[in-house]
Amino acid sequence: MSVSMTGSGETATPVESSKSAMSWGPIFGGAAAAIGVTLILLLLGSGVGLTMVSPWSGQSSSLGTVGVTAAIWLVVVQWLSSGLGGYITGRLRTKWAAVHTDEVFFRDTAHGFISWALATIFVAGFLASSLTSLAGAGAQAVGSAATAVGTAASSTASAADLPTAYFTDALLRPEQARAGATTDDIAATAEVSRILLNGAAVGQIPDDDKAYLATIVSARTGLSEADARTRVDTVLKRIDDAKVATQKAADEARKAASTTALLGSLSLLIGAFIAAAAAAFGGSQRDEEEDLIVTARI
């Protein structure tokens with residue numbers, strides 16, 4: 001604290017309020033209002049299908065379209081809730097007496113920003129908890145599927161032993177593959193599975209494996225060698241098409257996630273600005289009319 005001397009020898013001491021410039025009541029009130037509006041609007045968006053994907057094929061938009069729609073809806077939710085929460089924060093705070101106008105403006109914007117931050121942290125925690133629950137359910141389903149796949153594959157070879165088993169099959173393939181395929185169905189099926197798995201791992205199936213597959217298919221189905229080779233080529237093309245479709249879906253999901261993240265970041269920045277501006281506007285309306293106390297002279 002600085003002390004100055006006047007020309008007449010009097011001491012001038014600056015006046016400083018003992019009260020904090022932070023009014024936590026309005027901040028919590030504005031944050032609570034913003035949280036309530038956010039949850040209502042999120043449920044409304046889910047109810048009208050802005051953030052939901054139909055499980056039935058052809059009954060909903062693509063993943064990228066739904067991702068952009070959900071991101072735009074989150075932007076709208078952020079702006080509306082931030083504006084309402086900031087305005088309530090500005091209107092509920094008590095008037096600061098003997099405070100400069102610029103300082104009042106700064107305090108109002110700071111209160112609106114802090115209120116927005118509290119509401120955002122709560123909603124982010126709520127959404128993270130919901131996503132964690134969904135991820136847990138998904139992981140449980142994937143675990144069940146993996147257990148089923150592991151049980152089905154236990155009679156053939158483990159994933160770690162696949163390369164060794166595949167090359168062992170290649171070394172021990174009988175000269176008369178047709179006779180072996182017809183006499184031992186289980187072994188033939190297991191060997192075909194290993195060939196397909198190895199092809200999926202390396203990205204292609206060699207020509208000699210294709211010829212061997214055609215021989216086994218011909219022996220098992222009674223088709224001619226040409227028809228069996230045609231069937232093998234058709235199935236392998238379906239496998240390649242499924243791989244391309246999976247890669248395309250993953251790329252679309254990545255692009256949708258990137259767009260959603262960018263729009264979400266932009267909405268948060270604009271939401272913080274709207275909350276601060278709304279708090280300043282609400283505070284200015286709160287201070288428009290000045291209350292005066294008239295004291296009679298004695």
Shared hydrophobic cluster for [X] and [Y] (ILVMFWY, side-chain gaps under 4.5 Å):
X: Leu41; Y: Trp116; value: no
X: Leu92; Y: Leu84; value: yes
X: Leu42; Y: Ile35; value: yes
X: Ile114; Y: Phe106; value: no
X: Val232; Y: Val235; value: yes

Can you find a pair of side-chain heavy atoms, one from Val104 and one from Arg286, that are under 4.5 Å apart?
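Result no, sub-4.5 Å side-chain heavy-atom pair not found.
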
Side-chain donor or acceptor of [X] paired with backbone N/O of [Y] under 3.5 Å:
X: Arg93; Y: Asp108; answer: no
X: Ser258; Y: Arg254; answer: no
X: Ser115; Y: His111; answer: no

Return the [atom1] to [atom2] distance between [X] and [Y], rounded to the nearest 0.5 Å.
X: Thr120; Y: Gln78; atom1: OG1; atom2: CD; answer: 5.0 Å
X: Asp240; Y: Ile205; atom1: CG; atom2: CD1; answer: 8.0 Å
X: Leu39; Y: Leu43; atom1: CG; atom2: CG; answer: 6.5 Å

May I ask you to list the residues sharing a hydrophobic cluster with Tyr87, side-chain cutoff 4.5 Å, ordered by chain and number?
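Phe281, listed by chain and number.
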
Could you list the residues that satisfy side chain to side chain contact (heavy atoms under 4.5 Å, CB included) with Ile270, not counting sequence neighbours?
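Checked Ile270 against side chain to side chain contact (heavy atoms under 4.5 Å, CB included); matches are Trp79, Leu266, Ile274.
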
With a 4.0 Å cut-off, would you call Asp251 and Lys248 a salt bridge?
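Salt bridge between Asp251 and Lys248, a charged N being under 4.0 Å from a carboxylate O: no.
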
Which heavy-atom pair separates [X] from [Y] by the least distance, and what is that distance?
X: Ala280; Y: Phe105; value: CB-CE1, 3.7 Å
X: Ala278; Y: Gly83; value: CB-O, 3.3 Å
X: Ala119; Y: Ala34; value: CB-CB, 3.8 Å
X: Ala279; Y: Gly112; value: CB-CA, 3.5 Å

For Ser267, which of Val76, Leu262, Val77, Val75 qualifies under side chain to side chain contact (heavy atoms under 4.5 Å, CB included)?
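Only match with Ser267 under side chain to side chain contact (heavy atoms under 4.5 Å, CB included): Val75.
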
Looking at residues at least two apart in the chain, or sitting in another chain, which of them share a side chain to side chain donor-acceptor pair (under 3.5 Å) with Lys237?
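Partners of Lys237 under the side chain to side chain donor-acceptor pair (under 3.5 Å) test: Asp241.
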
For Asp227, enumerate each residue passing the side chain to side chain donor-acceptor pair (under 3.5 Å) test, keeping only those at least two apart in sequence or located in another chain.
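Per chain and number, Asp227 pairs via side chain to side chain donor-acceptor pair (under 3.5 Å) with Ser224.
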
Decide if atom CZ of Arg231 counts as having more than 12 heavy atoms of other residues, nucleotides or ligands within a radius under 6.0 Å.
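Counting other residues, nucleotides and ligands, CZ of Arg231 stays at 12 neighbours or fewer.
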
Would you say NZ of Lys243 has more than 12 non-hydrogen atoms from neighbouring residues, nucleotides or ligands within 6.0 angstrom?
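Enclosed: over 12 neighbouring heavy atoms sit under 6.0 Å from NZ of Lys243.
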
Holding to ring pair (Phe, Tyr, Trp, His ring centres under 6.0 Å), I want the full list of residues that pass it with Phe273, two or more places apart in sequence or in another chain.
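Scan of Phe273 (ring pair (Phe, Tyr, Trp, His ring centres under 6.0 Å), adjacent residues dropped) gives none.
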
Restricting to ring pair (Phe, Tyr, Trp, His ring centres under 6.0 Å), what partner residues turn up for Phe28, sequence neighbours left out?
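Result, ring pair (Phe, Tyr, Trp, His ring centres under 6.0 Å) vs Phe28: Trp24.
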
